[in-house]
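As structure tokens, the structure follows; a few thoughts come after it.
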Amino acid sequence: MTRRAAITGFPVAHSRSPLIHGYWLKHHGIDGTYDRVAVEPATAETFYRAFAKSGLVGCNVTVPHKEVAAACCDELDDAARAMGAANTLWLDDSGRLMGANTDGLGFLGNLDQQAPGWDARTKSALVLGAGGAARAIVWALASRGVEKVLIANRTLSKAQDLADRFAPVAKAVSWDYLADILGRTDLLVNTTSLGMEGQPPLDLDLSPLPVEALVTDIVYAPLVTPLLQAARDRGHPIVDGLGMLLHQAVPGFERWFGVRPEVDDALRRLVLADLGVSP
Ligand code: NAP
């Protein structure tokens, strides 16, 4: 029987997930589908609670439903529990709704692929931003054993809330002290929307950053953000954000369709072309 999965959220029209999973379904010749299901906020709780009746074997969850989806699951993995948010759901053999959060795994998978050994070189990370993506990344860095994760955000109170969730590894720092902190940073991560097409660039003087420090930006349109370009010009290793989007999809596909897919160059090119971004 055809196995059906989908991206759920509101809105879902912009999602690249159908393109990614569609590529893997075709590549592996699997009898399955991956569609878009728009779930109006007012009906979200009912939808996830009655998920077993949806006809889907599982789904991805995007904004604004990641928290409500987590609350409706019978069981959560460590990441989803720590974040209070789920982006990947599936029904187990007895019809229980299981939830995972793979955003952090996507971040780690991208760095592992593009900068192998980065974790052995990272004692102190600086995360810029304290939104939903930062939450996943702070979890990921802590789970990988990074000793110190500093969080700076325009709204300091949000950085503080996030740091409290992952204390004692995480600590909030004021944006005003970044020049000092950069000098002791092994990994710099931008999780703010600054640098994205249509947004102002992230205005940060990288000169105090040790030249061997890795710089990564989770914004992927443009692929090389002004921050990544400035880092590259100074000789830093850089990793763009597209791989996070692709790697976060891997565990869901494996759950629903029984094959662990690869993030390969053809998939990167396909998604970049769809985004209208030059490689
Ligand atoms: P979010 O929850 O809305 O958080 C946005 C963050 O950006 C907040 O920390 C916010 O600071 C900061 N910010 C926004 N405008 C700013 C400005 N003008 N100056 C300084 N800081 C500003 O969004 P999100 O879900 O975390 O996503 C953040 C970015 O990551 C987006 O560009 C998104 O496309 C990208 N993303 C990429 C992936 C991937 O797979 N590569 C995955 C998820 C997200 P305040 O708290 O002060 O408002």
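Both backbone and side-chain heavy atoms feed into the values below; hydrogens, waters and symmetry mates do not. Both ligands and their constituent atoms are indexed starting at 1 by order of listing.
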### Task
Describe, in one word, how the ring planes of F47 and F51 are oriented to each other, choosing from parallel (under 30°), tilted (30 to 60°) and perpendicular (over 60°).
perpendicular
Is there a polar contact, in the sense of an N or O pair closer than 3.5 Å, between [X] and ligand 1?
X	answer
Y220	no
I218	yes
G129	no
A133	yes
K158	yes

### Query
Considering only heavy atoms, which of L202, T62, T192, L194 lies nearest to atom 20 (C) of ligand 1?
L194
### Task
Out of D103, D240, N153, indicate the one that has the non-hydrogen atom closest to atom 46 (O) of ligand 1.
N153
So which protein heavy atom does [atom] come closest to, and at what separation?
atom	answer
atom 5 (C) of ligand 1	S193 OG, 4.5 Å
atom 48 (O) of ligand 1	R154 NH2, 2.8 Å
atom 47 (O) of ligand 1	T155 OG1, 2.5 Å

#### Entry: contact_flag G106 ligand 1 heavy-atom lt 4.0 Å
no
### Query
Heavy atom of M196 under 4.0 Å from ligand 1?
yes
#### Entry: H21 ring center near W24 ring center (under 6.0 Å)
yes
### Query
Does a side-chain heavy-atom distance below 4.5 Å link P201 with L227?
no
### Task
Would you mind reporting whether L209 and T185 have side-chain heavy atoms less than 4.5 Å apart?
yes
Which atoms of ligand 1 are found less than 4.0 Å from any heavy atom of [X]?
X	result
G132	2 (O), 26 (O)
G241	41 (N)
G131	2 (O), 4 (O), 9 (O), 26 (O)
V219	32 (O)

Determine, counting only non-hydrogen atoms of the protein, whether one lies under 4.0 angstrom from [atom].
atom	value
atom 18 (N) of ligand 1	yes
atom 41 (N) of ligand 1	yes
atom 29 (C) of ligand 1	yes

### Query
Only one of V127, V138, I137 forms a side-chain contact (heavy atoms from CB on, under 4.5 Å) with L162, so which one is it?
V138
May I ask whether [X] and [Y] are part of the same hydrophobic cluster, defined by side-chain heavy atoms of I, L, V, M, F, W, Y residues being less than 4.5 angstrom apart, directly or through others?
X	Y	answer
V169	W118	yes
F166	V173	no
W256	L91	no

### Query
Using 4.0 Å as the upper bound for N to carboxylate O, is an ion pair formed by R81 and D78?
yes
#### Entry: Side-chain donor-acceptor contact under 3.5 Å, T2 with D31
yes
### Query
Which pair of heavy atoms, one from A249 and one from I20, lies closest together, and at what distance?
CB-CG2, 4.0 Å
### Task
Spell out, as yes or no, whether a donor-acceptor pair under 3.5 Å connects the side chain of R234 to the backbone of L206.
yes
